[in-house]
Student: 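Handing you this structure, nothing more for now.
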Number of protein chains: 2
Amino acid sequence: MVRKDRVPRAPTIYDVARVAEVSHQTVSRYLSGVSPLRPASRERVERAIQELGYRPSLTARALARGESRTVVALTGELLEVGTVQLVEGVRRAARAAGYVLDVMTYDASDPDELARTLTSIRPDVAGVLAIADTDQLREAVDRQSPDLLVTVTEDAPGANTVEAHLAIARHLIDLGHDRVTYVAGPRDWRSARTRLRAFEQAATGLAGDRLFAAGWSAAAGYEAARLLTDPTAVVCANDQIALGVTRALAERGLDVPADVSVVGYDDMPESAYFSPPLTTVRQDFALHGAHAFRRVLDRLEPDVPREPLPAVEDHLIVRGSTAARRA
Amino acid sequence: MVRKDRVPRAPTIYDVARVAEVSHQTVSRYLSGVSPLRPASRERVERAIQELGYRPSLTARALARGESRTVVALTGELLEVGTVQLVEGVRRAARAAGYVLDVMTYDASDPDELARTLTSIRPDVAGVLAIADTDQLREAVDRQSPDLLVTVTEDAPGANTVEAHLAIARHLIDLGHDRVTYVAGPRDWRSARTRLRAFEQAATGLAGDRLFAAGWSAAAGYEAARLLTDPTAVVCANDQIALGVTRALAERGLDVPADVSVVGYDDMPESAYFSPPLTTVRQDFALHGAHAFRRVLDRLEPDVPREPLPAVEDHLIVRGSTAARRA
DNA sequence: CCACCCAAAGTTACCGGTAACAGTTCGCTT
DNA sequence: AAGCGAACTGTTACCGGTAACTTTGGGTGG
């Protein structure tokens, strides 16, 4: 009670109604926009809202409507990947559509944690968006709450993963490379496989090994590089892996790009400042995120017509980590 | 209606009450834990909850209690800084305390956006945590809703920023350096100033310039490095800046560490794989985040006794970017 | 000029919890 | 066995909205 006195309670529609001299339902109708108000009432309501600084309680609204405007973004380790940027893009899109994005992360190394995290999702969320698109997550969600899931993948309509990898392949061929190793992301990630598939499709002419890194990190790339067998170029599933690979090559006494060329993917903000600056593919994460959220939205509000989003266009950025094959 | 049929409504306390043959209030009491139940009722309630798979509606609870368990984390660009990791630490702590963390980001380059973002904060949130601790944010929040703010700073109790900078200074002195430039983070960030102050306090013996970078990014570090006047070592406010500085030095034909030593701060996961691997200070972001959230919690629930958190201990990690001063 | 219709506005119930107060029940005293 | 307080449990109201139904009032047609 002390508390209630100290914190002046926020005005409600009843307050607005009293000031505007209408019923609370009229205010509600004004807010929702269904069924028009007579100009006179409308104006009074507007003025009352202004005067009181009224703002609707999302909590009450969610309760009354039996649905919330919260979407959960599920992901494992947030720090390793371009995930953050994706999440950020999703968040922007969600907010623009009036949703709140609740990011939940779980420790992927603990097999139970995912299940626990899933059960701890509030049942009243509008949807769940799996950002980290692993098999593990997919299975767990399929099992526990198949109704809600929408996943992010790069086979999403509008993605041009294959074109991007084609550009990489062409670039390397132009430089005279012919033994090209691909270091993929972790095997159980869809997007890792998608990128690998795209590369294989694009690089039919380029012989070479295909490795899977244990993660998306520089450390994983460094580890994977142990298995490298004298390639002329290495294409990596993301920039961090490329960084790890570059480091491993340097420790073997191989110079990038003089001895081996290295290509990344994602164009993280730091890539341009690596030594050497990394040739990579720029992704528009914000747009990717918007696409991902759009898919959720299409499912949540199927009847609302929407402008299609522009297609994603990832494109190659050539920097210092690629050079002509040594004679 | 179609919808309501399709989606079986989640069980409520009334359902539980019916099955357990008690009143809904008894169920509520069981859930809240105040006033004990008779073993017989308690057991029936427990069984009913089990059977129905009941889970409380946070929405209804928030409405009834007149407060939500949502805390907003406010930050500018999420991608540039160690911010993500901090946010992640805060999120973990929040979830552990039963709170949901809603991250809101704003575009710091647009002066109006912050104000707009602030007004778009739902009035029923429990608290606001300013992650990006800039003057701009501080002022805006002070003006608009001074009641809620708790900020993250590194002068937080338990931080050992000064000790960490002392370790850096000692390390450089041991290596024989005497012209040490400090490249600080952006001037309007508290933590940038805190780190600078800590460095100055620690490095009384080391003459050298103090520069401010325009951001926390590699690009900002690269830009700031234009102003470098032949130091023997450069200490940077974070690893990204250090990366940019290293790059700029390389382009001037200076080798790190042979000609100039470079030190970073934060130990981002990639730093160990830079060329050369970066000497830096490891921060326990999770713990930093936990401290930050604890401060919010202490304000929200002042009466709950809590174990103090362990003190943060950032410590120096020496890698390849520092070496003895060239003879 | 009145019956009738439709748009606008009002009333009441409900969403799923919590709070405050009003019963019950039980164990123990006398 | 009645009396009594403490410990449980039940009843009712309320949080701030929305939904469904009812009422009101002005315009139109016969």
Side-chain angles (χ1 to χ4, degrees), chain A residues 1-5 7-45 48-49 52-69 98 122-126, chain B residues 1-5 7-45 48-49 52-69 98 122-126:
Chain A
M1 3 240 80
V2 176
R3 233 173 168 176
K4 289 201 173 176
D5 290 329
V7 178
R9 298 194 72 63
T12 72
I13 50 169
Y14 294 91
D15 299 322
V16 174
R18 193 162 25 70
V19 171
E21 298 179 299
V22 295
S23 76
H24 73 276
Q25 188 55 237
T26 299
V27 179
S28 174
R29 275 192 275 262
Y30 167 79
L31 293 170
S32 70
V34 298
S35 74
L37 273 58
R38 201 180 310 153
S41 332
R42 151 174 240 89
E43 205 174 302
R44 286 214 305 284
V45 171
I49 288 180
L52 295 174
Y54 167 80
R55 300 204 20 225
S57 154
L58 302 187
T59 306
R61 193 172 273 174
L63 181 59
R65 281 212 263 250
E67 51 152 74
S68 69
R69 291 178 80 81
R122 317 165 21 175
D124 56 347
V125 300
Chain B
M1 3 243 91
V2 176
R3 234 174 170 175
K4 290 198 174 177
D5 290 329
V7 177
R9 298 194 70 63
T12 70
I13 51 169
Y14 294 91
D15 298 322
V16 173
R18 194 162 24 70
V19 171
E21 298 179 300
V22 296
S23 76
H24 72 276
Q25 188 54 237
T26 299
V27 179
S28 173
R29 275 192 274 261
Y30 168 79
L31 293 170
S32 70
V34 298
S35 74
L37 273 58
R38 200 182 313 155
S41 332
R42 152 175 240 89
E43 205 175 301
R44 287 215 305 282
V45 170
I49 288 180
L52 295 173
Y54 166 81
R55 300 203 20 227
S57 155
L58 302 188
T59 307
R61 192 171 275 175
L63 181 58
R65 282 212 260 250
E67 52 153 71
S68 67
R69 292 178 80 82
R122 313 166 24 178
D124 56 348
V125 299

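Sequence lines set the chain letters: A, B, ... in the order given, protein chains first and strands last, and positions in each chain run from 1. Please read all numbers here as calculations on a predicted model, not as lab measurements.
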Student: With sequence neighbours left out, what residues match A:Ser23 under side chain to side chain donor-acceptor pair (under 3.5 Å)?
Tutor: A:Thr26
Student: List the atom of A:Thr59, the atom of B:Leu63, and the distance in Å for their closest heavy-atom pair.
Tutor: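 Reported closest heavy-atom pair: CG2-N, 3.5 Å.
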Student: Rounded to the nearest angstrom, tell me the gap between atom CG in B:Leu63 and atom P in D:dA13.
Tutor: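 Checked: the CG to P distance equals 18 Å.
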Student: Can you confirm whether A:Tyr54 sits close enough to A:Val19 that some side-chain heavy atom of one is under 4.5 Å from a side-chain heavy atom of the other?
Tutor: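 Side-chain contact under 4.5 Å: no.
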Student: Taking all non-hydrogen atoms of both residues, which atom of B:Ser41 and which atom of B:Val22 are closest, and how far apart?
Tutor: CB-CG1, 4.4 Å
Student: For DNA chain D, which residues in residues 15-42 of chain A have a heavy atom at a distance below 4.0 Å?
Tutor: A:His24, A:Gln25, A:Ser28
Student: How long is the span from the CG atom in B:Leu52 to the OG1 atom in B:Thr12, to the nearest 0.5 Å?
Tutor: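 Result: 9.0 Å between the selected atoms.
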Student: Please pick, from C:dG16, C:dT18, D:dT18, the nucleotide with the shortest atom-to-atom distance to any side-chain atom of B:Arg61.
Tutor: C:dT18
Student: To the nearest angstrom, how far is A:Arg44 atom CZ from C:dG10 atom P?
Tutor: 8 Å
Student: Round to a whole Å and report the spacing from CD of B:Glu43 to P of D:dC8.
Tutor: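 Nearest whole value for this atom pair: 16 Å.
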Student: Could you work out how much the helix from C:dC1-D:dG30 to C:dT30-D:dA1 bends, comparing the axis of its first five pairs with that of its last five, to 10°?
Tutor: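 For the helix from C:dC1-D:dG30 to C:dT30-D:dA1, the axes at either end differ by 60°.
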Student: Do you know which two heavy atoms are closest between B:Glu21 and B:Arg44, and how far apart they sit?
Tutor: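 Closest approach of B:Glu21 to B:Arg44, heavy atoms only: O-NH2, 3.5 Å.
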Student: Are the side chains of B:Arg69 and B:Leu58 in contact, using a 4.5 Å heavy-atom criterion?
Tutor: no
Student: Would you mind reading off the distance between A:Arg55 atom CZ and D:dG16 atom P, rounded to a whole angstrom?
Tutor: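 Rounding to the nearest Å, CZ of A:Arg55 and P of D:dG16 are 15 Å apart.
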Student: Is the shortest heavy-atom distance from the side chain of B:Ile49 to the side chain of B:Tyr30 under 4.5 Å?
Tutor: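 Touching, per the 4.5 Å side-chain cut-off.
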Student: So, under a plain 3.5 Å distance rule, would you say the side chain of A:Tyr14 forms a donor-acceptor pair with the base of D:dG16?
Tutor: no
